[in-house]
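Nothing here was measured: the structure is a model prediction, and the numbers come from that model. Heavy atoms only: backbone and side chains are in, while hydrogens, waters and symmetry mates are out.
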Amino acid sequence: MRAIVTICNQGYSELLEYWLGALRKVSDLPVFFICLDGFSPSLPDNAVRIMPNSTTNPFPVNTPDHACAEKLRIFEHLPSYISQVLFIDIDVLVKHPFWESEDYFSISEKMIAICPDLFVGYKEKMESEFKPFDPSFKMKFKADSSYFYFNTGVFYVSRAAHAEWFSIFLKTWADYVKVIGKYPSIFDQNIFNYCLIKHNLSVHQMPVVNNCLRQYEKLTIQDGELLLDGNIVNAYHFNGGDGKKKMERWKDMQSKIYASS
């Protein structure tokens, strides 16, 4: 069975209603909320609340990495009948059902389907960040010489192909912290990309318009649609900052979309 999953805590609680409201306009797939730190929101009948055991998370509850680590534990929390997952961060506005343009759920039975992250800063520092942990590590590049580096705000995975790998990712993350004495930058994303490269895992690259980051300067709004280089954006990621800052960005974007309609 296929499902959409996200993670939320009290600090991002205001986003939940907006996130689910936008999603329900385009999909009736089952939705599961992994709720952290005792956060227990009221949800409609078509959404399921999961309250994980925080003591089994390798990172303290007062660190951002604690919440991000739950991405790699999703198959531990979900019912066993959920075989394929579309994970969407709670700060992602879904405008169109991009899983209908290409069957990413089926693709995830063999490989992770995920979008590249073009933002300058994190990928360029991967080697210097991970060489003290793994001296043999080298950054990977794609055929066009761009970085093999992906944004973990939206991705498709399957239980059969990825549950075991996610456990390895999480153990690697914990080992990194033990060896280096600090957390890797950008929470789950850099460790996720390190493991993709280290283990030479297959990736199906989704178009950037499936997960547009706010830093893309070429984004425009026309007739209620978000456009990137003239292409309709399916999902918009309000990355960076805390829950309050992301909610401000969301409301501002929503006002601009309504004004252009």
Side-chain angles (χ1 to χ4, degrees), residues 5-7 9 34 36 50 52-78 82-89 107-117 119 121-142 146-206 211 237 239:
V5 181
T6 194
I7 295 169
N9 58 21
I34 298 175
L36 307 181
I50 295 176
N53 180 358
S54 63
T55 62
T56 54
N57 186 308
F59 306 121
V61 296
N62 62 342
T63 63
D65 295 77
H66 176 88
C68 294
E70 296 299 342
K71 285 187 185 181
L72 301 181
R73 303 179 68 217
I74 52 179
F75 292 112
E76 297 178 34
H77 305 318
L78 294 172
I82 302 299
S83 57
Q84 297 154 312
V85 167
L86 163 56
F87 183 89
I88 308 177
D89 272 347
I107 289 170
S108 75
E109 294 176 4
K110 295 183 178 180
M111 62 185 76
I112 294 171
I114 194 167
C115 293
D117 191 333
F119 183 57
Y122 301 119
K123 58 187 179 296
E124 290 82 359
K125 298 178 181 178
M126 282 280 290
E127 281 195 24
S128 62
E129 181 166 325
F130 283 90
K131 274 189 175 295
F133 172 68
D134 176 5
S136 67
F137 176 71
K138 291 184 178 180
M139 192 63 191
K140 183 177 179 180
F141 295 87
K142 293 181 283 189
S146 63
Y147 284 90
F148 183 90
Y149 186 82
F150 303 92
N151 183 274
T152 55
V154 176
F155 58 81
Y156 294 80
V157 288
S158 67
R159 184 182 294 275
H162 302 114
E164 185 175 349
W165 278 116
F166 271 31
S167 295
I168 293 171
F169 286 13
L170 188 57
K171 182 181 183 303
T172 303
W173 194 349
D175 289 345
Y176 178 97
V177 174
K178 183 177 180 180
V179 171
I180 302 301
K182 62 180 182 179
Y183 295 104
S185 64
I186 198 167
F187 315 125
D188 61 289
Q189 184 159 300
N190 272 9
I191 199 72
F192 198 110
N193 279 283
Y194 165 80
C195 289
L196 289 178
I197 296 169
K198 180 67 176 179
H199 300 289
N200 196 30
L201 296 181
S202 297
V203 171
H204 180 85
Q205 180 176 308
M206 295 191 293
N211 184 17
H237 195 175
N239 61 317

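The ring-ring contact (aromatic ring centres under 6.0 Å, His included) check on His77 picks up nothing, with sequence neighbours excluded. With sequence neighbours left out, Thr56 forms a side-chain contact (heavy atoms from CB on, under 4.5 Å) with Asn53, Arg73. Annotation: side-chain hydrogen bond (donor to acceptor under 3.5 Å, both in side chains) contacts of Tyr149 (sequence neighbours excluded): Gln189, Asn190. Partners of Glu124 by side-chain contact (heavy atoms from CB on, under 4.5 Å), not counting sequence neighbours, listed by chain and number: Val120, Tyr147. Under the side-chain hydrogen bond (donor to acceptor under 3.5 Å, both in side chains) criterion, Asn211 pairs with Asn151, sequence neighbours left out. Not counting sequence neighbours, the partners of Lys142 by the side-chain hydrogen bond (donor to acceptor under 3.5 Å, both in side chains) test are Gln205. The side-chain hydrogen bond (donor to acceptor under 3.5 Å, both in side chains) check on His199 picks up nothing, with sequence neighbours excluded. With sequence neighbours left out, the side-chain contact (heavy atoms from CB on, under 4.5 Å) criterion links Ser83 to no other residue.
The CD1 atom of Ile191 sits 6.0 Å away from the CZ atom of Phe133 when rounded to the nearest 0.5 Å. Asp89 contributes atom CG, which lies 7.5 Å from atom SG of Cys68 (distance to the nearest 0.5 angstrom). The CG atom of Leu78 lies 4.5 Å from the CD1 atom of Ile50; values are rounded to the nearest 0.5 Å. The structure places SG of Cys195 at 13.0 Å from CG of Asn200, a figure rounded to the nearest 0.5 Å. Taken to the nearest 0.5 Å, the CG atom of Asn193 stands 6.5 Å off from the CD1 atom of Ile114.
Legend: salt bridge (Lys or Arg N to Asp or Glu O under 4.0 Å) pairs involving residues 55-69, not counting sequence neighbours: none detected. Within the structure, no pair that satisfies the salt bridge (Lys or Arg N to Asp or Glu O under 4.0 Å) test touches residues 150-162, not counting sequence neighbours. The salt bridge (Lys or Arg N to Asp or Glu O under 4.0 Å) contacts involving residues 184-206 comprise Lys71-Asp188, Asp134-Lys198, where partners must be two or more places apart or lie in separate chains.
The neighbour count for Lys140 NZ, taken as heavy atoms of other residues, nucleotides or ligands under 6.0 Å away, is above 12. Crowding of Glu164 atom CD: a count of heavy atoms from other residues, nucleotides or ligands under 6.0 Å not exceeding 12. Remark: Lys131 NZ is packed, more than 12 non-hydrogen atoms of other residues, nucleotides or ligands lying under 6.0 Å away.
The nearest pair of heavy atoms linking His237 to Gly153 is CE1-CA, 3.7 Å. Among all heavy-atom pairs drawn from Val157 and Phe155, the shortest one is CG1-CD1, 3.8 Å. Heavy-atom minimum distance, Trp173 versus Ala69: CZ3-CA, 3.5 Å. When all heavy atoms of Met111 and Val203 are compared, the closest pair comes out as SD-C, 3.7 Å. When all heavy atoms are compared, the tightest approach of Glu109 to Ser158 is CA-OG, 3.6 Å. Of all heavy-atom pairs between Met206 and Pro116, the closest is O-CD, 3.3 Å.
Side chain of Asn9 to main chain of Leu36: no donor-acceptor pair is present (N/O by atom type, distance under 3.5 Å, no hydrogens or angles). Side-chain N or O atoms of Lys123 include none that pairs as donor or acceptor with a backbone N or O of Phe148 at under 3.5 Å.
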Could you check Leu201 against Phe169 for side chain to side chain contact (heavy atoms under 4.5 Å, CB included), going step by step and ending with a plain yes or no?
-> CA-CA 12 Å; Leu201 296 181; Phe169 286 13; 3.6 Å; yes
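Between Phe59 and Leu170 there is a side-chain heavy-atom pair separated by less than 4.5 Å. Within the 4.5 Å cutoff, side-chain heavy atoms of Met126 are placed close to those of Phe137. In this structure, the side chains of Ile107 and Tyr156 stay at 4.5 Å or more apart for every pair of heavy atoms. Counting heavy atoms from C-beta outward, Leu86 and Val154 have side chains that approach closer than 4.5 Å. At least one side-chain heavy atom of His66 sits less than 4.5 Å from a side-chain heavy atom of Ser54.
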Show the atom names and distances, to 0.1 Å, of all donor-acceptor pairs under 3.5 Å that link a side chain in residues 175-183 to residues at least two apart or in another chain.
unit_1 : atom_1 : unit_2 : atom_2 : d
Asp175 : OD2    : Lys171 : NZ     : 3.0
Tyr176 : OH     : Glu129 : O      : 3.2

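No close placement of the Phe150 and Phe192 rings is indicated, their centers lying 6.0 Å or farther apart.
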